[in-house]
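Below, chains carry the letters A, B, ... as their sequence lines are ordered, and counting in each starts from 1.
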Number of protein chains: 2
Amino acid sequence: MNPNKKKSNNSLEKLATLADVAEQAQVSTATVSRCLNSPERVDPNTRERVFKAIDALSYTPNFGARAMAARRTQTVGAVIPTIENSIFARGIQAFQEELSNHGFTLLVASSSYKPAREEEEIKNLIARGAEGLLLIGYDRNPVIYEFLRNRKIPVLVTWAFDPSESRPAIGFNNVEAMSNLTKRIIELGHRQIGFITASLQNNDRARNRFKGIQEAMKKADLPEKNLQLVQTSYSIENGSKAFEKIMGGKQRPTVVIGGNDVLAVGALRKAIEMGFRIPDDVSVTGFDDIELAQVVDPPLTTVHVPHRRMGTRAAQILVALINGEKFENSEKLQTTIQFRGTLGQAPQ
Amino acid sequence: MNPNKKKSNNSLEKLATLADVAEQAQVSTATVSRCLNSPERVDPNTRERVFKAIDALSYTPNFGARAMAARRTQTVGAVIPTIENSIFARGIQAFQEELSNHGFTLLVASSSYKPAREEEEIKNLIARGAEGLLLIGYDRNPVIYEFLRNRKIPVLVTWAFDPSESRPAIGFNNVEAMSNLTKRIIELGHRQIGFITASLQNNDRARNRFKGIQEAMKKADLPEKNLQLVQTSYSIENGSKAFEKIMGGKQRPTVVIGGNDVLAVGALRKAIEMGFRIPDDVSVTGFDDIELAQVVDPPLTTVHVPHRRMGTRAAQILVALINGEKFENSEKLQTTIQFRGTLGQAPQ
DNA sequence: CTAGTCTATGAAAGCGCTTGCATCAAAATT
DNA sequence: AATTTTGATGCAAGCGCTTTCATAGACTAG
């Protein structure tokens, strides 16, 4: 009567399930399941029949059902601040490769540097069965850590290593890295320093880099007022604006330190645009050593971070954590200064 | 007797479930479920009690169980060729934002430009409940398309638009885009052209860009032998090597076209390193117009692709497809040539 | 030849949720 | 006051899988 009622009668209504495969292959669902999960435990002939049926039906196991029944997902999650620029890309890529070596799948989400988004994404990953989490930096609402602890989800902090924090982490010491760089900068005669950074709030990495600069300046007896700070969000464009702002002030710095390469490259572009000779008139440095740094002209002097090693080790540690192994200590990686063309003697 | 047998007695053994919440709040699981999915259908007092319990227990719904019971996941998947360089980042970001406006979550995977990996990731995404898929380019094993069709998963192709293909797509016409660029190049007097591209195999976008060059050359009566081709994989480094190789030949081109910005930037760097003046001695062009293009010196002339618009529309179309709306036609976006500093008159 | 081992398989319970249907009390309608 | 409607809730059946336990047949050993 009502032809609208029957929907898409043109073909099979539902997706193939384990049971369908079982029926087609004339075995029980248990056997099909075994074929998929421990093939060696089933007779070769049966096995072949089953796989034929699987093919014939375009069957794919339903992850949710499997996770529920097996109480294992072999999945880990990572939430990174941004996907748009490639700060985290290399590290995450390595992380994922190593994870895959251990039979784990990676789910990655991004927070756009917003704590609330991060919290949401963390919950989402957990809901999706992540058995462990990789998070960038230490800073976040203690409630989340508590939540994760309650749910017994191992968490590994990365991209930072802070000796004063106790939770598992693999990364580098941001204070130290930046302090080292600043020390070299000061040795080159610079006395007025500009620092362009992401917002210091909710971002221990940015804060610690700032602290590194301060410490080095203090050690060299430079007064705090010689350091000018501009906070902005990560983008080349913003780096440029920040540079303009800093150079517009009365106390022009002779070196501008970028909180990361993206900001630094923005600053560098603007500097050139404004007619500064680099590094003769003004020096610029970055942090991270992403591909971008090598491609600008002059190439950017920056703090090199061992992205891939960090990602790989992170995967190993997280897998160990998931398998119940203890790992109370953190692991510190060394950064180095990558001297290229943008850092020079302070103009005089 | 055997203290090893009891495992981690230090705390609650299992994660909180809906049932635990129900018990704690003195209601049925049905009510808790309603609180989560249609709060307006439950009494405010009850609701409050339930949410209190949820908090107290650090409860998060189990995605798998929910998906299974509700037969809906509100998830779509995308598999992109690479995450390491940011070719796809902006588009995917926009895709994800728009998806989120429609209440969908995005799962992204990467294939490293390997067909087998892509197939794997597609199945993985399906297993995880993706209700629709965004794929880059048309080229893939027909078996996969068939598989997807059997499972009734809507697929949207993007980053390409080919009038001769019938499946839903949103993108730009790679042949046309590259042909337009080449036409301009030829108008500038160039007669010897080099083309650095990703492998043409399994990559319709690369192939079509190649075709675009060929067509434009034909139209201008340039013989095929005036076009030199180097295939390599995407990286700045490889772009540099390819440039060196091309310039090492006897028939030096006066312009080198990069199949994308990454390759082009590599070529550009090497060109400068080899002492060529750009664009006086040799011109270089890219494709995609990613951030990188603006940052090199001289800034790269490239084909601008409307990444964000493409991502946003892709999300809208895919959601429509999932909701059963018909969308047989593809949607073509316009590319433009972004003239910057690396394309000039052919040297004479 | 019988008891004991294996090996391959099946039956069925249960994983954590949603939802149709039933229930019941309170509000609205007559 | 009797009846109907409405709103809030509970019951219980699955959703698609894995896994324990049981079973039956085929071998091995004594």
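Within 4.0 Å of Val27(A), counting heavy atoms only, lie sugar-phosphate atoms of the nucleic acid but no base atom. At a threshold of 4.0 angstrom between heavy atoms, the contacts of Tyr59(A) are confined to the sugar-phosphate backbone, with no base atom among them.
Judged by a 6.0 Å distance limit and a 45° cone about the ring axis, Arg167(B) is positioned over the six-membered ring of Tyr145(B).
Rounded to an integer number of Å, the gap from Leu18(A) CG to dC15(C) C1' is 15 Å. Rounded to a whole Å, the CD atom of Glu40(B) is 13 Å from the P atom of dT9(D). If you measure from atom CZ of Phe63(A) to atom P of dC17(D), you get 13 Å, rounded to the nearest angstrom. Distance CD1 (Ile54(B)) to C1' (dC17(C)): 13 Å, rounded to an integer number of Å. Counting to the nearest Å, the P atom of dG20(C) and the CG atom of Asn37(B) are 12 Å from each other. Between the P atom of dA8(D) and the CG atom of Asn45(B) lies a distance of 11 Å, rounded to the nearest Å. Atom P of nucleotide dG16(C) and atom CG of Leu15(B) are separated by 8 Å, given to the nearest angstrom. Atom CG of Leu36(A) is separated from atom C1' of dT19(D) by 14 Å (rounded to the nearest Å).
Each salt bridge (charged side-chain N to carboxylate O under 4.0 Å, His left out) pair with one or both residues in residues 55-65 of chain B, not counting sequence neighbours, would appear here, but there are none. Note on residues 59-80 of chain A: pairs passing salt bridge (charged side-chain N to carboxylate O under 4.0 Å, His left out), not counting sequence neighbours, are Arg72(A)-Glu131(A). Residues in residues 77-95 of chain B take part in these side-chain hydrogen bond (donor to acceptor under 3.5 Å, both in side chains) pairs, two or more places apart or across chains: Gln93(B)-Glu97(B).
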Polar-atom pairs under 3.5 Å, protein N or O versus N or O of nucleotides 21-28 of chain D: list them with distances, or write none.
none

Scan nucleotides 25-27 of chain C against the protein and return all N/O pairs shorter than 3.5 Å with their distances rounded to 0.1 Å.
none

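Of the options Thr158(B), Ile80(B), Ile122(B), a side chain to side chain contact (heavy atoms under 4.5 Å, CB included) to Leu135(B) is made by Ile122(B) and by none of the others. The side chain to side chain contact (heavy atoms under 4.5 Å, CB included) with Val76(A) is formed by just one residue from the set Leu321(A), Ile322(A), Leu133(A); it is Ile322(A).
For Thr46(A), no side-chain nitrogen or oxygen approaches OP1 or OP2 of dA8(C) to under 4.0 Å. Side-chain N/O atoms of Asn62(A) include none lying less than 4.0 angstrom from OP1 or OP2 on dC15(D). Contact check, Ser33(B) against dC17(C): no side-chain N or O comes under 4.0 Å of OP1 or OP2. Distances shorter than 4.0 Å separate some side-chain N or O of Ser28(B) from OP1 or OP2 on dG10(D).
In this structure the side chain of Tyr113(A) reaches within 4.5 angstrom of the side chain of Asn203(A), judged on heavy atoms.
With sequence neighbours excluded, no residue forms a salt bridge (Lys or Arg N to Asp or Glu O under 4.0 Å) with Asp204(A). The salt bridge (Lys or Arg N to Asp or Glu O under 4.0 Å) check on Lys123(B) picks up nothing, with sequence neighbours excluded. With sequence neighbours left out, the salt bridge (Lys or Arg N to Asp or Glu O under 4.0 Å) criterion links Glu146(A) to Arg149(A). With sequence neighbours excluded, no residue forms a side chain to side chain donor-acceptor pair (under 3.5 Å) with Arg47(B).
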Side-chain donor-acceptor contacts of residues 23-40 of chain A below 3.5 Å, not counting sequence neighbours, with atom names and distances?
| residue | atom | partner | partner atom | Å |
| --- | --- | --- | --- | --- |
| Ser28(A) | OG | Ala30(A) | N | 3.3 |
| Ser28(A) | OG | Thr31(A) | N | 3.3 |
| Ser28(A) | OG | Thr31(A) | OG1 | 3.4 |
| Ser33(A) | OG | Asn37(A) | ND2 | 3.3 |
| Asn37(A) | ND2 | Ser33(A) | O | 2.9 |

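Proximity of residues 64-72 of chain B to DNA chain D (heavy atom under 4.0 angstrom from any strand atom) is restricted to Met68(B), Ala69(B), Arg71(B).
Residue Glu325(B) places its CD atom among more than 12 non-hydrogen atoms of other residues, nucleotides or ligands, all under 6.0 Å distant.
Using a 4.0 Å cut-off between a side-chain N of Lys or Arg and a carboxylate O of Asp or Glu, Arg117(A) and Glu121(A) qualify as a salt bridge.
Over its length, the helix from dC1(C)-dG30(D) to dT30(C)-dA1(D) turns its helix axis by 30°, as judged from the five terminal pairs at each end, rounded to 10°.
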